[in-house]
Protein chains: 2
Amino acid sequence: MAPPDTRTQILDAAEHLFAERGFRGTSVRAITDLAKVNLAAVGYHFGSKAELMAAVARRVVAPINAAQSAGLDRLLARTSEPTVAELVEAFAGPMFDGMRAGDENGARTSRLIVTIICDPAKEARSWTGPAESEIRGRFQTAFQRALPHLTEGELWFRIRGILAVAAVDRIEVYNQPGSAGHSTPGGEAARSWAITFLAAAMSAPPTPS
Amino acid sequence: MAPPDTRTQILDAAEHLFAERGFRGTSVRAITDLAKVNLAAVGYHFGSKAELMAAVARRVVAPINAAQSAGLDRLLARTSEPTVAELVEAFAGPMFDGMRAGDENGARTSRLIVTIICDPAKEARSWTGPAESEIRGRFQTAFQRALPHLTEGELWFRIRGILAVAAVDRIEVYNQPGSAGHSTPGGEAARSWAITFLAAAMSAPPTPS
DNA sequence: CCCTCATTCATACGTTCGTTTGAATCATAC
DNA sequence: GTATGATTCAAACGAACGTATGAATGAGGG
């Protein structure tokens, strides 16, 4: 009953290729070639290419969502109110975990998230499931309490800013490797840099009308 | 010699569809159908689908690059050193211009830029040409002077953060329209919100080692 | 041993894709 | 009017795509 190997081999290969060339840019044949399984195995185990993508997305996003949720729970269980910096850490931090310096796999994971978020297809919206937006809503109310002077619109804008920085930050590095001698920042540094950057951004005073 | 009409009709239709469905998600036939021109016109006027995309990208990015360059020139021509906020305004501001509130075309433009930046294909890197990275380099040295305490790596990370926010900020709005009653921010508000957000982020103290 | 059921396999189907072709059409200059 | 060069057109090309099919294969229980 338990999947022997083929299923995860397909998931691994699909994650690799989807991250590197996007959903539409990756053919089922390329996946099965890389996974060294038969072409029809995708249809057998997942039903269709889109459902395979959904499975890949779930596998990647699930631990991030879990870490975000746990982090927020921990902050809310305390007696003192969480600070903006703590909320940023709990929200953005997990997106950088699992992609430590030199971890090629981590870079791919990050790239895959970008692919999912940026994909213009409507199907892409159903890849990650509703858990993600639910967690986002919980963080929104937490941020709202920590930043009561912000309008809902501007707060929402800033939360999207966090997502943007967390998702896109590796694109440039990935796309033009070793371009102008910019040493690729390890995931280690990227994580703390992002927290600094985003905590300051979130704490900014509201924009005058 | 001057292109009569077909050429720009194709460019308009291609800009529309590339922004909405991405490069790979848009077929040449869909473009020529929308433009109401013959299928072969793309090959005749542009050579290939990829070269058409490059033309579309150039047409969209050129005015942004020009505005960025002019803004930086204006700041550097003054006697006083430009502030971080001024540099952010000059760098990020033009990315939000031309997409004022209710301007459907502006939202598409923004969406197209995201498509270009996020596209995983290697060809996408040649779509905008070298002008963009050259301007980015000029801003980098200007930021370096305004933020002398930042390491080159962290500064580079923050500049990428600006690009991320400017590029991705409209994705969510575009993808789940009227999701949870979040009033879509007009381009007007988004522009000033982004400047506030990014100026604070850029001005953050350096991350401790 | 053989039946069963899950999995793997080679192969094919129908569609859509980007691109090409060669004739038809048009404007313009002689 | 007719020749010329640029443009538009209908049609087709081969390739690659996602998916479906039915036979082969393998392991485990009767």
Side-chain angles (χ1 to χ4, degrees), chain A residues 1-58 112 115-116 119-127, chain B residues 1-58 112 115-116 119-127:
Chain A
M1 191 85 230
D5 214 12
T6 327
R7 207 186 143 89
T8 54
Q9 266 179 289
I10 294 176
L11 278 173
D12 290 341
E15 180 176 324
H16 189 133
L17 292 175
F18 282 150
E20 214 159 68
R21 318 186 205 176
F23 178 68
R24 295 201 127 103
T26 303
S27 69
V28 176
R29 284 169 175 83
I31 295 171
T32 54
D33 283 0
L34 180 61
K36 279 195 255 298
V37 301
N38 188 270
L39 170 61
V42 166
Y44 177 77
H45 287 282
F46 298 94
S48 70
K49 181 188 176 186
E51 291 173 276
L52 169 59
M53 173 50 124
V56 170
R58 272 194 302 272
L112 176 64
T115 290
I116 294 171
D119 196 291
K122 318 115 212 63
E123 0 171 75
R125 236 42 52 198
S126 64
W127 285 343
Chain B
M1 195 76 230
D5 212 15
T6 327
R7 208 187 144 89
T8 53
Q9 265 180 288
I10 294 175
L11 279 173
D12 289 341
E15 182 177 321
H16 188 133
L17 292 175
F18 282 150
E20 215 159 68
R21 319 188 208 178
F23 177 68
R24 292 202 132 104
T26 303
S27 69
V28 176
R29 283 170 175 83
I31 295 171
T32 55
D33 283 358
L34 180 61
K36 278 195 258 294
V37 301
N38 189 271
L39 169 63
V42 165
Y44 178 76
H45 285 284
F46 298 95
S48 72
K49 181 189 177 184
E51 292 173 276
L52 168 60
M53 174 50 127
V56 170
R58 271 194 302 272
L112 176 65
T115 290
I116 294 171
D119 196 289
K122 318 113 211 63
E123 3 172 71
R125 238 39 54 198
S126 63
W127 286 342

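All figures in this text were calculated on a predicted structure; none of them were measured in a lab. All values below were derived from every heavy atom in this structure, side-chain atoms included, with hydrogens, water molecules and symmetry-related copies excluded. In what follows, chains are A, B, ... by sequence order, proteins preceding strands, each numbered from 1.
- Between the C1' atom of dT7(C) and the CD1 atom of Ile10(A) lies a distance of 11 Å, rounded to the nearest Å.
- The separation between Arg24(A) atom CZ and dG18(D) atom P is 11 Å, rounded to whole Å.
- Closest to the side chain of Asn38(B), out of dT7(D), dC9(D), dT7(C), is dC9(D).
- At the phosphate of dT8(D), OP1 or OP2 sits under 4.0 Å from a side-chain N or O atom of Thr6(B).
- When the P atom of dC9(D) is taken as reference, atom CD of Gln9(B) falls 10 Å away, rounded to whole Å.
- For the atom pair CD (Glu15(B)) and CE (Met53(B)), the distance works out to 10.0 Å, reported to the nearest 0.5 Å.
- Computed from coordinates, the Glu51(B) CD to dT19(C) C1' distance equals 12 Å when rounded to whole Å.
- The CG-C1' distance, from Asp33(B) to dA10(D), rounds to 14 Å in whole Å.
- Distance, Lys36(A) NZ to dC9(C) C1': 17 Å, rounded to whole Å.
- Here the P atom of nucleotide dA16(D) and the CZ atom of Arg21(A) are 13 Å apart, to the nearest Å.
- Residue contacts for Thr26(A): at a heavy-atom cut-off of 4.0 Å it reaches the sugar-phosphate backbone alone, with no base atom in range.
- The only option from Leu17(B), Asp33(B), Leu39(B), Ile10(B) that meets the side-chain contact (heavy atoms from CB on, under 4.5 Å) definition with Val28(B) turns out to be Leu39(B).
- Contact of the Phe46(A) side chain with the Arg7(A) side chain is registered, since non-hydrogen atoms from C-beta on lie closer than 4.5 Å.
- If you take CD1 of Ile31(A) and P of dA16(D), they are 17 Å apart, rounded to a whole angstrom.
- One finds no side-chain N or O of Ser27(A) lying less than 4.0 angstrom from the OP1 or OP2 phosphate oxygen of dA16(D).
- Taking only side-chain atoms of Leu39(A), from C-beta outward, the nucleotide of dT8(D), dC9(D), dT19(D) with the closest atom is dT19(D).
- The side chain of His45(B) lies closest to dT7(D), out of dG18(D), dT7(D), dA10(D).
- Seen from the ring of Phe23(B), Lys49(B) counts as a face-on cation partner, given the 6.0 Å and 45° thresholds.
- Mapping Arg29(A) and Tyr44(A) onto DNA chain C by nearest heavy atom places Tyr44(A) closer to the 5' end of the strand.
- Listed for the Gln9(B) side chain is a donor-acceptor partner under 3.5 Å among the backbone atoms of Ala35(B).
- Using a 4.0 Å heavy-atom criterion, one finds that Ala41(A) contacts no nucleic acid atom at all.
- For Lys49(A), the side-chain atoms get nearest to dT19(D) when compared with the rest of dC9(D), dT19(D), dT19(C).
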